[in-house]
Amino acid sequence: MESGTAETSTETNGPVNGAAAPSTETIDVLNPATGAVVDSIATSTPESIAATVARVRANQADWEALGIEGRYHWLGKLRDWILDNTERISDTMQAETGKVRADVSLDLGYVADLINFYGSKAAGYIGDETVRPNSPLLAAKKLTIQYRPFPVVGVISPWNFPLAMALGDSIPALQAGAAVVVKPSEFTPLSLIEIIEAWKEEIGAPDVFDCVQGTGEAGGALIDNVDYIQFTGSDRTGRKVMARAAETLTPVSLELGGKDPMIVLSDADVDRAANAAAWGGMVNSGQLCISVERIYVEEPVYDEFVAKLTAQVRGLRQGADGRKPEKDVGAMTSPNQTAIVAGQVDDALASGARALTGGKKVDGPGDYYEPTVLVDVDHSMKVMQDETFGPVVGVMKVRDSEEALRLANDTRYGLAASVFGEKERAERIARRVEAGSVNVNDVITNMAAMGVPMGGWKQSGIGFRHGEYGIKKYCRAESIVVTRFGGKREPNWYPYTKARRGLVDRVSRAVSARDLKRRLGMRG
Ligand code: NAD
């Protein structure tokens, strides 16, 4: 296996942290493909985080006043900057994550698309809504809903897609008119730092977008200071984030882990299903919240599917590449994750599972886990119950689609899923899977389908990203009720007289009743 070649050095301390008092503590950012230190960044103190939030808060009103088009103007400049500097950002991201080049490009392509998506859709999603009055008693009123942003949104993001997650959640918030402060993962802060520097210095955009640095402590301080929290990470941390936000009644949206099932029906195109399972399970070394982790295959096609999947996974090229995409599977970005993956696979092997390929950590240099296909697994094993978040799939043979569905839904998670088979039958099965998104005859593709919501059921999250909800969640609805005409007083105001009360009661009854007798004040 080759070791990494994609290191860069960035100057990261200083102004991007927007710090009131610079911290003396630093974090070393390592290249997981080599173990070498890529850079060292200063952590933010609780005081500097409060100061950063206060600074962008002071500029938020002007940002909101720019309107949807005015804000898209700046976000469009960010898109252009990213497109013009793709190689540079990709080098940095590759160095801090140990990804192969092809996986890096997933991150940046998503961000550019998302800017265009919300830029073109925001007016429809969060523009003023006019509503017809629900009662003739309100006929003189003009009803409008205005969507106003939470002034400052805090985004806390994980290490697996440093920009798709951190920027992906910031873009709709900025487009909605909020100021945004991101706390990226302490393992992968560098590419975001470059983006924030570009936003401020090269693009010269309004000072409403910044980042702070550190571990969970910095995340907690951010929660204490902002008006809305968008968190992406593990369900374990998600619980802590929600508890902390409850102290200030700060609303949260949580995008958490998954244990995504794939169902392969007997009428599936087995080649397509096996190719999809190999990519869906191993892309980004399986470090994707919606990667395929469990596979249930109907008996008649089980042997063929397993043979094709195993052959493909065994042939994957693992290691580090540079700018040319020469490898398929990269490093494990977080060392903690490698231990979790190894623990789950060892537990399964000790309980009777077999690894048809892979099954262990690769000897150094770098932090790699072999692409692994497990069979003879069952739901008593951690590898079929807990999120693995590594290049491992467990495959089970099932009698029929009912057994596949029962097993697919036997999980505390509910992020995404996939069903392969004849498309109408597969869609019928898909509709019964308990998950926020289900792909039929594809995997992971719901992430690119920005018009439909993406979020977790059960313990995979609260709230959604993408679509209308993905920007509306950053807004508070403000109902404007305008009296178009009404004279000196409304009939239900003072003074209460028999005649005026009687009129109000009769009209109100006439409006509520659904039959003539009751409308006339008689019992039915
Ligand atoms: P994590 O929960 O360990 O950390 C996520 C972020 O939370 C990091 O920035 C971390 O520093 C911060 N954090 C840690 N403790 C905190 C605390 N007490 N208060 C506030 N912030 C705190 O997750 P991770 O290991 O970085 O990422 C992997 C997880 O993310 C997986 O479970 C994966 O499924 C999930 N994920 C989900 C989605 C999704 O869209 N649903 C997308 C990507 C990743």
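Whatever order the structure lists ligands and atoms in, that order sets their numbers, starting from 1.
- Shortest non-hydrogen contact noted between C289 and E387 is CA-OE2, 4.4 Å.
- The proximity of P184 to ligand 1, defined as any non-hydrogen pair under 4.0 Å, is limited to the backbone.
- The side chain of N160, and not its backbone, has at least one atom closer than 4.0 Å to an atom of ligand 1 (non-hydrogen atoms only; side chain from C-beta on).
- Relative to atom 17 (C) of ligand 1, the option among G216, G168, G258 with the closest non-hydrogen atom is G216.
- For ligand 1, none of its N or O atoms has an N or O atom of R236 under 3.5 Å away.
- Contact annotation: for V241 versus ligand 1, heavy atoms closer than 4.0 Å belong to the side chain alone.
- Of all the heavy atoms of Q287, none lies under 4.0 Å from any atom of ligand 1, so neither backbone nor side chain is involved.
- Taking CZ of F150 as the start and OG1 of T250 as the end, the distance is 9.0 Å to the nearest 0.5 Å.
- Atom CG of residue L78 and atom CD1 of residue I171 lie 6.5 Å apart, to the nearest 0.5 angstrom.
- Residue-level proximity to ligand 1 for F389 is carried by the side chain, the only part with a heavy atom below 4.0 angstrom.
- Looking at atom 10 (C) of ligand 1, its nearest protein heavy atom turns out to be E186 OE1, 3.7 Å.
- If you check which protein heavy atom lies closest to atom 4 (O) of ligand 1, you get T237 OG1, 4.4 Å.
- Checked by atom type and distance alone, the side chain of D107 never pairs as donor or acceptor with a backbone atom of D103 at under 3.5 Å.
- With a 4.0 Å cut-off on non-hydrogen atoms, Q337 does not touch ligand 1 at all.
- By the 4.0 Å N-to-carboxylate-O rule, D321 lies too far from R101 to be salt-bridged with it.
- Here the protein heavy atom with the shortest distance to atom 31 (C) of ligand 1 is E387 OE1, 3.3 Å.
- Among the atoms of S234, some N or O lies under 3.5 angstrom from an N or O of ligand 1.
- A donor-acceptor pair is defined here as one N or O able to donate and one able to accept, closer than 3.5 Å; such a pair exists between the side chain of Q175 and the backbone of I68.
- Here the two rings, on H379 and Y296, have centers that are under 6.0 Å apart.
- Nearest protein heavy-atom neighbour of atom 27 (O) of ligand 1: P158 CB, 3.2 Å.
- Among the atoms of K240, none of the N or O lies under 3.5 angstrom from an N or O of ligand 1.
- With ligand atoms numbered from 1 in the order given, ligand 1 contributes 42 (C), 43 (C) to contacts under 4.0 Å with heavy atoms of M165.
- Within the model, atoms CD1 of I82 and OG1 of T86 stand 8.0 Å from one another, a figure rounded to the nearest 0.5 Å.
- Under the 4.0 Å criterion applied to side-chain N and carboxylate O atoms, D410 and R294 are not assigned as salt-bridge partners.
- The shortest contact between atom 12 (C) of ligand 1 and any protein heavy atom is with I156 CG2, 3.7 Å.
- Within the listing of ligand 1, atoms 32 (O), 34 (O) sit less than 4.0 angstrom from a heavy atom of G257.
- For the pair K472 and Y147, the cation sits on the ring face: its NZ or CZ lies under 6.0 Å from the ring centre, inside 45° of the axis.
- Taking the charged nitrogens against the carboxylate oxygens, D386 and K259 have no contact shorter than 4.0 Å, which rules out a salt bridge.
- Near L415, the atoms of ligand 1 lying under 4.0 angstrom from a non-hydrogen atom of the residue are 41 (N).
- A salt bridge links D227 with R57: the distance from a Lys NZ or Arg NE/NH1/NH2 to an Asp or Glu carboxylate oxygen falls below 4.0 Å.
- Proximity to G219 (heavy-atom distance under 4.0 Å) selects the following atoms of ligand 1: 20 (C), 21 (N).
- Closest protein heavy atom to atom 35 (C) of ligand 1: G233 O, 3.3 Å.
- If you check which protein heavy atom lies closest to atom 36 (N) of ligand 1, you get C289 CB, 3.7 Å.
- Only backbone heavy atoms of S157 (N, CA, C or O) come within less than 4.0 Å of ligand 1; its side chain stays farther off.
- At least one N/O-N/O distance between L256 and ligand 1 falls below 3.5 Å.
- For the ligand labelled ligand 1, residue G456 lies outside the 4.0 Å heavy-atom shell.
- Looking at R244 against ligand 1, nothing comes within 4.0 Å, counting heavy atoms.
- Residue-to-ligand polar distances place R465 within reach of ligand 1: an N/O pair is separated by less than 3.5 Å.
- Note that CD of E255 is 6.5 Å distant from CG of D169, once rounded to the nearest 0.5 Å.
- When hydrogens are left out, the protein atom nearest atom 25 (O) of ligand 1 is W159 NE1, 2.9 Å; that is the closest non-hydrogen contact.
- Atom CE of M165 sits about 15.0 Å away from atom CD1 of I156, to the nearest 0.5 Å.
- Under the 4.0 Å criterion applied to side-chain N and carboxylate O atoms, E434 and K458 are assigned as salt-bridge partners.
- Proximity to S185 (heavy-atom distance under 4.0 Å) selects the following atoms of ligand 1: 9 (O).
- Note: Q287 CD to F161 CZ = 8.5 Å, rounded to the nearest 0.5 Å.
- Only the side chain of F231 comes within 4.0 Å of ligand 1, counting heavy atoms alone; its backbone N, CA, C and O stay farther away.
- Of the possible donor and acceptor atoms, one in the side chain of S120 sits under 3.5 Å from a partner among the backbone N and O of N116.
- For T232, no nitrogen or oxygen atom sits less than 3.5 Å from a nitrogen or oxygen atom of ligand 1, counting backbone and side chain alike.
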